[in-house]
Asker: 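One structure coming up, written as structure tokens, with questions to follow.
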Amino acid sequence: SSLAFLLELPSGLAAIHLVQETVSLRRTREMAAMSMMRACLLAAALLVASGDEMAFVDVSSTDTINIRQLDVPVNSKRGIASFFTEDPMAAHDWAIQSTMLTTLRSELAAVAKPRSAAAGRIRKIEEELSPLWRVAKKNERGAITNNTMRYVAHRYFTNKYGWSVKGLQPAGASWLHVMAVTPDVRQVTKYIAPTYLHEELLTATGAEDLDIHRLALFISTIEHLIHAEMLDYLYSVHRVMQVKVAGEKTEGELDTIISSFMLIYAFGTNLEVSTKRDLDKSAAFLQENHKGWQQLQARIQDLKKSKPDAGTKGFNGLMDFVEAIAKDYRQWQNPTCTEARERLLAMPSYKDGQVSLADFAPVHVAGYRLLFSEQQDYLQKLGALDESTAGDPKLLVANYITSQALCLTTASYYTVCCHNPCEDIMAKLEHATGEPSATADQIASALAEGGAGRLLTEAERASLDALTANNSRVVLHERPLAMWLHSIFPVDCPMPRDHETINPKTADEWMADPGSNVQDTEELMLEVSDNLARYTTLGLEGVDASLKEEEAAEEVDESVDHIVEPYTAKQDINPANGSRRGAGFGSFCQMLASLAMLASMVALIVALVQSALATSGLYSDKVKVHARPLATHDIVA
């Protein structure tokens, strides 16, 4: 039998999924013993869960406890309170599996209709991919592997939109060898979505790897998912804010809709637990207290001037406008990146792309962000430190600027990070050669071209010649060239490091083997959420604690089910340390009361199932009873 329980506990929200694969309902003594074991194992599993986390755990017929999800918190806070959670965007980091598969199938169907708009869009993507495809490393079939796909897709999205798609990093594929997305899974985290779609695309097309056509299909599917999600957010804003969908909008209605949309897109507000009053109060609170929000609103007003008819074209006009905001989001962030770079270069200890860590101290930047607040151990994880000199660690400027430290996640499938100028340099080399490798003359000539060309010194040319000494050519997307580019452009080109799975910065790091450590995926998600949490609370350190709790203390509408069912997968864990942020139940008395309640619930459910089966006469050696908690999208869809 398979039973799922959702329990509201004093310490927070936890969901436990018990699986008993084969049970003979005729053996009443065994069933009684099993109900006791279930209660004990359920209680033990709950001890690893903490407040506001969803923890699905399997208990198999052999009593093995297996984790069934990536251990991440789910934000169920409302209004202002959501800004102060560990991961304000958690409610939006899940994608419906069936929606992803349906979208992929629609893209595949479009190919069968060459004259359709979708088929035309896919052909255009192929054309845009062609320059990078020609120089990408391919196998004996002339195709690319999952590793190379990540880099090519990353370059496409950053060049065209300024987006860093969640899960394209090698860490986004590290789950593949130890977990599985089974048909009964409703939602998966967006950080595994690219690899999942890649695997499903190969299965649907019967291929082992990607040619340029299948790569364009993959990219088109992600674009389609992003567009559909934006539609859903915009429609949900109309519903919650009680504004009619059709027809023209007044200036006030337009401002209300766009402001509410940005609460979701940039700050992670969860509409499924929020009301019109929550959104109004949140926007007013940010406008009064959050400098970054104020700057963002000013940027949106400037965009409105370039689209004066945004409110006169109905829903479609609004959709075009919010997508323009999304495409402009990195441009809005650019001043922060520029300011960070200039401040680092102006530090007294700056030399050759590095500054002493002793000069690295927190500073506010024109109301946008708090910079340079990361601790040394975190900078190590980012791959932004050079510790080759004992006792004098150096911050690598290019590595820091292009790391997760300056990224801001969104409610969509991507984060927005600082531009990596080394990718522009790589594009020049790729265009000049048109092949996966290049000669020293080709590289030197390409770098010298253009108004901002760079002529190599004799020493620099000698070091380049040394790279090509063995076979007269150097591979464009491998580490030796990346190291050489860093030596020539120490501020623009990151130094290759040993932290490539979570924070890739060079081509070889993007194409690195992801391995099978699923904790890398979790670490990536944690870094992204930590950065956003620092941003949503920017300048609010002095806000009275009672204000933070005010929204959370209000009664939530119980007519709406706020459960988000996480990713289901397979991986053994130790119940004693399986939760990344385990916080326990609090007091010993609370724990005893909770355990008693759980035991009673399990015994009651087992008794009800037995009674129902006995009444109906449905006895067999193997009877499946399957009950799953509803996901939020079961309610809103």
Asker: Compare every heavy atom of P88 with every heavy atom of L532, then report the nearest pair and how far apart it is.
Answerer: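 Nearest pair, atom of L532 first, then P88: CD2-CB, 4.1 Å.
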Asker: Looking at E128 and K160, is there a salt bridge between them, counting it only when a charged N and a carboxylate O are closer than 4.0 Å?
Answerer: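 A salt bridge links K160 with E128.
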Asker: Does the side chain of E107 pick up a donor-acceptor pair with the side chain of T221 at under 3.5 Å?
Answerer: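 No pair is found: no donor N or O on one side chain lies under 3.5 Å from an acceptor on the other.
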Asker: Any heavy-atom pair between the side chains of E509 and P496 that's under 4.5 Å?
Answerer: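 They are in side-chain contact.
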Asker: Would you compute the distance between atom CD1 of I125 and atom NE2 of H213 and round it to the nearest 0.5 angstrom?
Answerer: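 Output value for this atom pair is 11.0 Å.
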Asker: Are any non-hydrogen side-chain atoms of H477 and L132 less than 4.5 angstrom apart?
Answerer: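 Yes, side chains in contact.
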Asker: Are the side chain of Q169 and the backbone of S164 linked by a donor-acceptor contact shorter than 3.5 Å?
Answerer: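 Here the side-chain-to-backbone pair does not exist.
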Asker: What's the verdict on side chain to side chain donor-acceptor pair (under 3.5 Å) for N146 and R150, showing C-alpha distance, side-chain angles and the deciding distance?
Answerer: CA-CA 6 Å; N146 179 283; R150 290 195 303 268; 2.8 Å; yes
Asker: To check you understand the geometry: which heavy-atom pair defines the closest contact between L108 and L201, and what is its length?
Answerer: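 Closest heavy-atom pair between L108 and L201: CD2-CD1, 4.0 Å.
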Asker: Could you tell me whether R454 sits above the aromatic face of F489, with NZ or CZ closer than 6.0 angstrom to the six-membered ring centre and within 45 degrees of the axis?
Answerer: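 That pair qualifies as a cation-pi contact.
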Asker: As a quick check of understanding, evaluate side chain to side chain donor-acceptor pair (under 3.5 Å) for E229 and H92, giving each step before the final call.
Answerer: CA-CA 10 Å; E229 190 171 52; H92 302 289; over 6 Å; no
Asker: Would you call R155 and M426 a side-chain contact if the rule is heavy atoms closer than 4.5 Å?
Answerer: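 In contact.
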Asker: Considering only heavy atoms from C-beta outward, does the side chain of I212 approach that of S130 to under 4.5 Å?
Answerer: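 Counting from C-beta outward, I212 and S130 do come under 4.5 Å.
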Asker: Under the criterion disulfide (SG to SG under 2.5 Å), I'd like the reasoning laid out for C493 against C422: C-alpha separation, chi angles, the key distance, then a yes or no.
Answerer: CA-CA 5 Å; C493 291; C422 202; 2.0 Å; yes
Asker: Cation over ring, K505 on W510, under 6.0 Å and within 45°?
Answerer: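 Not flagged: K505 not positioned over aromatic ring of W510.
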Asker: Side chains of D441 and T439: is there a donor and an acceptor less than 3.5 Å apart?
Answerer: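 No, because no side-chain N or O of D441 sits under 3.5 Å from a partner of the opposite role on T439.
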Asker: Tell me which one of I502, D530, L524 satisfies side-chain contact (heavy atoms from CB on, under 4.5 Å) with Q404.
Answerer: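 When I502, D530, L524 are each tested with Q404, the side-chain contact (heavy atoms from CB on, under 4.5 Å) holds only for L524.
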Asker: Side chain of N399, backbone of G383: donor and acceptor closer than 3.5 Å?
Answerer: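 Present.
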Asker: Between the side chains of R134 and E435, is the shortest nitrogen-to-carboxylate-oxygen separation below 4.0 Å, so that they form an ion pair?
Answerer: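 No, E435 and R134 are not salt-bridged.
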Asker: Do N147 and K137 come within less than 4.5 Å of each other through their side chains, counting heavy atoms only?
Answerer: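 Heavy-atom side-chain distance check fails, nothing below 4.5 Å.
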Asker: Out of the candidates Y414, Y265, Y161, only one should pair with Y329 under the ring-ring contact (aromatic ring centres under 6.0 Å, His included) rule; please name it.
Answerer: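 Between Y329 and the candidates, ring-ring contact (aromatic ring centres under 6.0 Å, His included) is satisfied uniquely by Y265.
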Asker: Restricting to non-hydrogen atoms, name the atom on R330 and the atom on C417 that form the minimum distance, rounded to 0.1 Å.
Answerer: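 For R330 versus C417, the nearest heavy atoms are CD-O, 3.1 Å.
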Asker: If we ignore hydrogens and angles and just use 3.5 Å, is the side chain of R473 paired with the main-chain N or O of A440 as donor and acceptor?
Answerer: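 Checked: no pair found.
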Asker: Would you find a donor on one side and an acceptor on the other, under 3.5 Å apart, between the side chain of K428 and the backbone of E449?
Answerer: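 Yes; judged by distance alone, with no hydrogens or angles, the pair exists.
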Asker: Assess, by modelled atom type and distance only, whether the side chains of D209 and N139 contain a donor and an acceptor separated by less than 3.5 Å.
Answerer: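 Yes, a side-chain donor-acceptor pair sits under 3.5 Å.
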Asker: Does some side-chain heavy atom of H224 sit less than 4.5 Å from a side-chain heavy atom of S106?
Answerer: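 A side-chain contact exists here, since the closest heavy-atom pair is under 4.5 Å.
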Asker: Side chains of L225 and K190, heavy atoms from C-beta outward: is any pair under 4.5 Å?
Answerer: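 Sidechains of K190 and L225: no contact.
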Asker: What is the minimum heavy-atom distance between M230 and V322, and which atoms define it?
Answerer: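 Heavy atoms of M230 and V322 come nearest at CE-O, 4.2 Å.
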Asker: Working note: Q380 + E387, criterion side chain to side chain donor-acceptor pair (under 3.5 Å); need CA distance, chi angles, decisive distance, verdict.
Answerer: CA-CA 9 Å; Q380 289 172 332; E387 299 178 281; 2.9 Å; yes
Asker: Test your reading of the model: is there a side-chain donor-acceptor pair from Y233 to the backbone of A411, 3.5 Å cut-off?
Answerer: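 Answer holds: yes.
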Asker: Should the pair Y535 and W332 be assigned to parallel (<30°), tilted (30 to 60°) or perpendicular (>60°) ring geometry?
Answerer: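 Ring orientation of Y535 relative to W332: perpendicular.
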Asker: Between T506 and D508, do the side chains contain a donor N or O and an acceptor N or O under 3.5 Å apart?
Answerer: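 Per modelled atom types, D508 and T506 side chains form a pair under 3.5 Å.
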Asker: Are K166 and D93 within salt-bridge range, i.e. N to O under 4.0 Å?
Answerer: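 So K166 pairs with D93 through a salt bridge.
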Asker: Assign the ring pair F157 / W163 to parallel, tilted or perpendicular, where the plane angle (0 to 90°) is split at 30° and 60°.
Answerer: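 Rings of F157 and W163: parallel, under 30°.
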Asker: Taking all non-hydrogen atoms of both residues, which atom of P183 and which atom of Q97 are closest, and how far apart?
Answerer: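 Distance-wise, the nearest heavy atoms are O-OE1, 3.9 Å.
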Asker: Side chain to side chain donor-acceptor pair (under 3.5 Å) between Y191 and E522: does it pass, once the steps are laid out?
Answerer: CA-CA 9 Å; Y191 290 87; E522 290 188 300; over 6 Å; no
Asker: If the threshold is 4.0 Å, N to carboxylate O, is there a salt bridge linking R341 and D492?
Answerer: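 Salt bridge flag = yes for D492 with R341.
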Asker: Say whether, by atom type as modelled, one donor and one acceptor occur between the side chain of N531 and the main chain of E527 under 3.5 angstrom.
Answerer: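 Yes.
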Asker: Do T521 and S174 meet the criterion of a side-chain donor-acceptor pair at a distance under 3.5 Å?
Answerer: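 Yes.
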Asker: I'd like to know if the side chain of Y400 pairs up with that of E374 as donor and acceptor (distance under 3.5 Å, no hydrogens or angles considered).
Answerer: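 Their side chains do contain a donor-acceptor pair, which is all the 3.5 Å distance test asks for.
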Asker: What are the two closest heavy atoms between L215 and V152, and how far apart are they?
Answerer: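 Residues L215 and V152, closest heavy atoms: CD2-CG1, 3.6 Å.
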Asker: Less than 4.0 Å between a side-chain N and a carboxylate O, is that true for E208 and R141?
Answerer: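 The answer is yes: the pair qualifies as a salt bridge.
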Asker: More than 12 heavy atoms of other residues, nucleotides or ligands under 6.0 Å from NZ of K138: is that the case?
Answerer: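 More than 12 within 6.0 Å, yes.
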Asker: Between I192 and L176, is there a side-chain heavy-atom distance shorter than 4.5 Å?
Answerer: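 No, their side chains stay 4.5 Å or more apart.
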